[in-house]
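Here's the structure we're looking at; comments come further down.
What you are looking at is a predicted structure, and each value in this text was computed from that prediction instead of being measured.
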Amino acid sequence: MATIVFSSFSTMTFLKSGRTGISRRSFLLKPLLTSPSSSSSLRQIFASKVLASSTAFVETETDSISDVKEVNSSKNILACPICYEQFIWNGDPILSVDSALRSSLKCSTCKKTYPGNETHVDLTVSSGAKDYGEAKPASTELFRFPLVSFLYERGWRQSFLWGGFPGPEKEFELTKDYLKPVLGGNIVDASCGSGMFSRLFAKSGLFSLVIALDFSENMLRQCYEFVKQEENLPKEKLILVRADISRLPFASGSVDALHAGAALHCWPSPSAAVAEISRVLRPGGVFVATTYILDGPFAVVPFLRPLRRNIGQISGSHIFLAERELEDLCTACGLVGFTCTRNGPFVMISATKPI
């Protein structure tokens with residue numbers, strides 16, 4: 001059993017040697033403070049320190065590194081949703097969709113433990129609570145019903161074509177264009193539902209890590225079932241996480257890209273969610289989302305704005321009436337370079353964390 005401490009950027013592995021071989025193995029993930037030139041100097045001073053291809057340092061007290069297992073440093077973005085601090089990870093050296101059941105994460109600050117289950121890791125604030133529970137808005141609770149989760153990719157999502165959504169494949173191609181600056185990095189598929197885009201991201205091979213994130217346990221179970229059925233999907237690069245979009249379990253500045261397909265209008269507070277997204281994106285990180293806008297002929301509907309407020313109060317969802325509202329939302333949350341693509345009510349937006 002390995003013990004891993006999560007922080008923000010790089011990975012350092014220590015192997016302590018005893019009389020009978022390796023007596024203790026621990027993995028410490030912490031910020032890499034050295035530049036490439038200083039790393040070269042360190043290698044000259046310490047012959048046993050090797051810079052691995054994953055930007056991981058391997059330090060050992062023995063002459064041989066044959067027993068060293070490289071730890072993928074892209075996994076170190078997860079953080080406690082209460083403290084936003086690093087995790088102590090007990091489980092397989094690689095956290096993935098297949099190893100969640102055998103893993104648990106413990107906050108190094110508040111000491112709360114987040115155990116994994118067969119399908120995902122629960123990183124909500126209320127994870128583990130036995131008696132306490134909170135009622136969420138209708139737009140959130142709807143997708144927690146097993147029937148809705150089952151139907152989402154079996155007809156529900158296909159109906160979005162009537163709203164101008166071009167379909168998953170075309171949306172994926174549009175998304176890739178916006179994500180070109182961060183290809184090769186990690187990506188969070190927020191409000192992933194049954195994982196339609198999470199699987200496309202993973203199969204594309206364009207990202208080092210894909211985190212399928214949703215608040216609905218049943219959506220994540222459906223995602224897991226689809227992942228098991230999918231061929232040629234690199235499961236070691238995919239993690240399923242339950243989390244609240246307004247309390248993301250990631251270290252600040254650790255995410256390269258965040259995608260939210262057909263979700264922005266379902267979030268109880270888009271501003272709280274986009275502010276969290278801005279927090280976790282690294283400088284230069286990209287936010288891409290799709291939603292719909294009721295403008296054009298809808299603009300002449302009387303009392304539409306007060307009606308929108310009433311609908312939002314009842315359902316917890318949000319209706320956007322103009323592109324400038326979405327741009328203003330991104331700008332207010334610290335994102336720049338807003339751009340969008342339209343197809344009738346459908347809109348795909350993108351914004352970037354300032355460098």
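- Note that CG of L78 is 5.0 Å distant from CD1 of I211, once rounded to the nearest 0.5 Å.
- Under a 4.0 Å N-O distance rule, the pair E118/R221 does not qualify as a salt bridge.
- Under a 3.5 Å cut-off, the side chain of R279 and the backbone N or O of A251 do not form any donor-acceptor pair.
- In this structure the side chain of L281 reaches within 4.5 angstrom of the side chain of L335, judged on heavy atoms.
- In this structure, I293 CD1 and R324 CZ are separated by 10.0 Å, a value rounded to the nearest 0.5 Å.
- K170 NZ to N343 CG: the interatomic distance, rounded to the nearest 0.5 Å, is 9.5 Å.
- Taking the six-membered ring where the residue is Trp, the centroids of Y292 and H265 are separated by under 6.0 Å.
- The aromatic rings of F160 and Y152 stand perpendicular to each other, their planes meeting at an angle above 60°, with 30° marking the opposite boundary.
- A salt bridge links E153 with R199: the distance from a Lys NZ or Arg NE/NH1/NH2 to an Asp or Glu carboxylate oxygen falls below 4.0 Å.
- Donor-acceptor pairing under 3.5 Å is recorded for the side chains of S246 and D244.
- With hydrogens and angles ignored, the 3.5 Å screen pairs no side-chain donor or acceptor of S194 with any backbone N or O of Q222.
- Screening residues 138-147 for salt bridge (Lys or Arg N to Asp or Glu O under 4.0 Å), with sequence neighbours left out, gives E141-R144, R144-E217.
- To the nearest 0.5 Å, the span separating CZ on F87 from OG1 on T109 amounts to 10.5 Å.
- To the nearest 0.5 angstrom, D189 atom CG is 5.5 Å from F201 atom CZ.
- Distance alone, capped at 3.5 Å, places no donor-acceptor pair between the N218 side chain and the S149 backbone.
- Between R282 and K353 there is no side-chain heavy-atom pair separated by less than 4.5 Å.
- Between the side chain of S204 and the backbone N or O of L206 there is at least one donor-acceptor pair closer than 3.5 Å.
- At least one donor-acceptor pair closer than 3.5 Å links the side chain of S278 to the backbone N or O of C333.
- Counting only N and O atoms by type, the side chains of N117 and T119 include a donor and acceptor under 3.5 Å apart.
- Classification of R157 and E171 as a salt-bridged pair holds, one side-chain N sitting under 4.0 Å from a carboxylate O.
- In this structure a side-chain-to-backbone donor-acceptor pair under 3.5 Å is present from D256 to N186.
- To the nearest 0.5 Å, atoms SG (C83) and NZ (K112) are separated by 10.0 Å.
- One finds no salt bridge joining R242 and D214 here, because no Lys/Arg side-chain nitrogen approaches an Asp/Glu carboxylate oxygen to under 4.0 Å.
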- Trace of the side chain to side chain donor-acceptor pair (under 3.5 Å) decision for Y178 with T341: CA-CA 10 Å; Y178 283 123; T341 300; 2.8 Å; yes
